[in-house]
Amino acid sequence: MYQGKKVSVIIAAAGSGSRMGGGISKQYIEVRGIPVLARALGAFDRHPLVDEILVVMKREDLEVCRRDIVEKYGFRKVRKVIAGGKERQESVFIALSELSDEGYILVHDGARPFVSQDLITRIIEGAAEHGAAIPGVPLRETIKRAEDGWLAETLDRDTLFAVRTPQGFEAKMLKKAHDQAREEGFTGTDDGALLERIGGRSRLILCEQDNIKITTAEDLPLAESIADRLDGPALEKPPSPSWRVGTGFDAHRLVPDRKLILGGVEIPYELGLLGHSDADVLLHAVMDALLGACALGDIGKHFPDKDPKYAGISSLLLLGYTREIMEEHGFFPGNVDVTLIGQKPKIAPYAPEMKKNIAKVLQIDENLVNVKATTTEKMGFCGREEGLAAEAAVTVWCK
C-alpha cells in the first residue's frame, strides 16, 4: 500500500522540559547512558520504511542536537534539524512546510524513547490503509467526570484510550488539518484532534505500554527499567569492528498465477515464484547469508512458513526485520553480492532498482550492493525453467 510513497517523520523536540527540573531539556536526559532523543531518533533511523526525518528543536539547541545527537550517533536519515515554535502545534506546522504533499507523515514526541519497530510499521500501514492511524493504550483505572468539585459521572473505560505517538497521516490530510487550525486560531493537544475538526477519522492502533513519555523526574526509574529490558544494539558504531562472512542459497518453483518479485521489484512475466511470503528468492538468499554470518540460524527459524502473519508478506519487510535481529546481537551489514540463477527472465533492466531496495533497507551505500544473474546452460531445474535459485555472499561487522 505504501510502496513507492515517501514516509517522512517529524520528531517534535522543541519543548523546554521545565517539569523535568535540573536545568536540562528532557530530550537530553540520559537513560542508561543514551539521551532520550537519541533513543527516539534511532528507532526511526533504523526502520526500513522510513525515508527521512526532520527534528524540530528550540533555536538555542539546534547546534547541540546536530553535534551531540545526529552526528555523534551517525543517524543517516535526519535530513534537517530546524527551529520550532512556542507551542508543539506550531513546531509541527513549521516542519510540515519542509515536507512534500505526497506520501505519509509520522509525528512523534522526542521524549518518547521506546517506540518499537513493530508499532512504527503498524502506524505506517494504518495510515496507508485508512488515511490516519494513532496509537493508544486502554485505560486501566476507573475514569470519572468531575463537576464543581463533585464526581458527576463514571465513564465507560472500555471506550477510552490514552493516545500516544507516533501518529501517522496522509501528508495532504495532515497539512490541511494544520492549515485550517492555524487560520481559525485553534490549538489542539495532538495532531489527531486537528484532523477530527475537519471531519477526518483516525484508525486506532493498539500500543505497547513501554512507549512512555519522559515528562518528570519521576518517570526516569521506569524508563531505566524499560531500557534494561529492551536494550539491544548500541547506537554508536564500534571504532574498530571485526568482520565476518556469510553465504546464503534459496530456490523456489515457478508457477502460474503468481507475481514474480525479485529484489523487491515486480517483474512482468507469465510465471511467479511459489512460497509462503512473496517468495522473493533473491532477498531470501541475502537474508540467509546475513543470518549465517552472525551465526543466528536461518530465515526458517525466524520467519517460519507455518506462521500466518508472514503469509504474502513483502520480503523487503523481512529483510528489514533481519537487520533488526542482527543489530540486537551487535551486528551490522557490510556488503552484499547476490546472483540469480535461471534461464528467464532477464533481470538486467531491473538490477539497479533491486540494488537500491537492498541498500535502502540495510542502510548501506548502493555501491556496497551487487546484483547479477547467470544461467545454467539449460541444465537442471533452473535450466528447464521449473524454478529460480539465488546465492549470496555478504560481510557483516560487529564489535
Side-chain angles (χ1 to χ4, degrees), residues 3-4 46 48-49 51 74 76-77 237 241-252 254 259-269 272-273 275 277-296 298-299 302-303 314-327 331-377 379-383 385 387-398:
Q3 290 183 359
R46 292 192 302 272
L49 298 181
D51 294 292
R76 289 179 281 184
K77 294 184 180 179
K237 292 182 179 180
S242 60
W243 293 86
R244 294 188 182 188
V245 175
T247 62
F249 177 85
D250 195 35
H252 284 273
L254 282 166
K259 292 180 180 179
L260 180 58
I261 309 292
L262 294 171
V265 179
E266 183 175 343
I267 297 176
Y269 194 56
L273 292 170
S277 65
D278 62 4
D280 191 329
V281 67
L282 192 142
L283 293 186
H284 291 185
V286 172
M287 287 186 280
D288 257 349
L290 291 168
L291 291 168
C294 305
L296 293 173
D298 59 17
I299 57 176
H302 296 281
F303 316 114
S314 166
S315 292
L316 285 174
L317 275 178
L318 295 181
L319 183 61
Y321 297 155
T322 299
R323 186 179 191 279
E324 293 171 22
I325 293 168
M326 293 170 57
E327 288 185 340
F331 294 97
F332 301 86
N335 73 297
V336 172
D337 182 25
V338 60
T339 303
L340 180 72
I341 305 169
Q343 296 298 127
K344 295 178 182 178
K346 302 300 181 184
I347 67 164
Y350 309 99
E353 187 175 355
M354 295 177 188
K355 287 182 56 172
K356 183 177 181 179
N357 287 343
I358 295 171
K360 178 180 177 181
V361 173
L362 294 182
Q363 299 180 16
I364 58 178
D365 292 335
E366 286 185 43
N367 62 9
L368 295 175
V369 179
N370 190 54
V371 176
K372 57 189 187 296
T374 188
T375 70
T376 60
E377 300 294 338
M379 296 181 293
F381 73 90
C382 290
E385 300 181 29
L388 295 174
E391 59 181 9
V394 304
T395 60
V396 303
W397 58 272
C398 59

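One-based numbering along the sequence shown.
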Between Trp397 and Phe332, what is the ring plane arrangement, given parallel below 30°, perpendicular above 60°, and tilted in between? parallel

Using atom types as modelled and distance alone, determine if a side-chain donor or acceptor of Arg323 lies under 3.5 Å from a backbone N or O of Leu362. yes

Value rounded to 0.5 Å, distance of CG in Asp298 from NE2 in His284: 12.0 Å

I need the minimum non-hydrogen distance between Gly342 and Cys382, along with the two atoms involved. CA-CB, 4.2 Å

With Val361 as partner, the option from Leu319, Leu318, Leu283, Val286 fulfilling side-chain contact (heavy atoms from CB on, under 4.5 Å) is Leu319

Pick from Val369, Leu340, Ile267, Val338: which one makes a side-chain contact (heavy atoms from CB on, under 4.5 Å) with Met354? Ile267

Shortest non-hydrogen contact from Arg244 to Cys398? NE-SG, 4.5 Å

Please check this pair: side chain of Asp278 against backbone of Asp280, looking for a donor-acceptor N/O pair closer than 3.5 Å. yes

Only pairs under 3.5 Å count here: list side-chain donor-acceptor contacts from residues 287-296, not counting sequence neighbours, and write none if there are none.
| unit_1 | atom_1 | unit_2 | atom_2 | d |
| --- | --- | --- | --- | --- |
| Asp288 | OD1 | Ile299 | N | 2.9 |

For Lys356, all residues meeting side-chain contact (heavy atoms from CB on, under 4.5 Å), sequence neighbours excluded: Glu366

Atom pair NE2 (His252) and OG (Ser277), whose distance is rounded to the nearest 0.5 Å: 6.0 Å

For Thr339, enumerate each residue passing the side-chain hydrogen bond (donor to acceptor under 3.5 Å, both in side chains) test, keeping only those at least two apart in sequence or located in another chain. Lys372

Reference residue Glu353; test side-chain contact (heavy atoms from CB on, under 4.5 Å); the match among Val265, Val371, Ile358, Leu262: Val265

Measure the CD1-CG distance between Ile341 and Leu282 for me, rounded to the nearest 0.5 Å. 10.5 Å

Are the side chains of Phe381 and Leu254 in touch, meaning some heavy atoms are under 4.5 Å apart? no

Got a sec, which residues hit side-chain hydrogen bond (donor to acceptor under 3.5 Å, both in side chains) with Lys346, two or more places apart in sequence or on another chain? none

Would Thr322 and His302 count as having a side-chain donor-acceptor pair, cut-off 3.5 Å? no

Treating Gln363 as the side-chain partner and Arg46 as the backbone partner, does any N or O pair qualify as donor plus acceptor under 3.5 Å? yes

Counting only N and O atoms by type, is there a donor-acceptor contact under 3.5 Å from the side chain of Gln343 to the main-chain atoms of Thr376? yes

Distance (rounded to the nearest 0.5 Å) between Glu266 CD and Leu260 CG: 8.5 Å

Short side-chain to backbone donor-acceptor contact, Thr395 and Asn335, under 3.5 Å: yes

Identify, with sequence neighbours excluded, every residue that meets salt bridge (charged side-chain N to carboxylate O under 4.0 Å, His left out) alongside Lys360. Asp51

Could you walk me through whether Phe303 and Ile325 satisfy the side-chain contact (heavy atoms from CB on, under 4.5 Å) test, starting with their C-alpha distance in whole Å, then the side-chain angles of each, then the deciding distance to 0.1 Å, before giving a yes or no? CA-CA 12 Å; Phe303 316 114; Ile325 293 168; 4.0 Å; yes

How would you list, by chain and number, every residue that makes a ring pair (Phe, Tyr, Trp, His ring centres under 6.0 Å) with Tyr350, sequence neighbours excluded? none

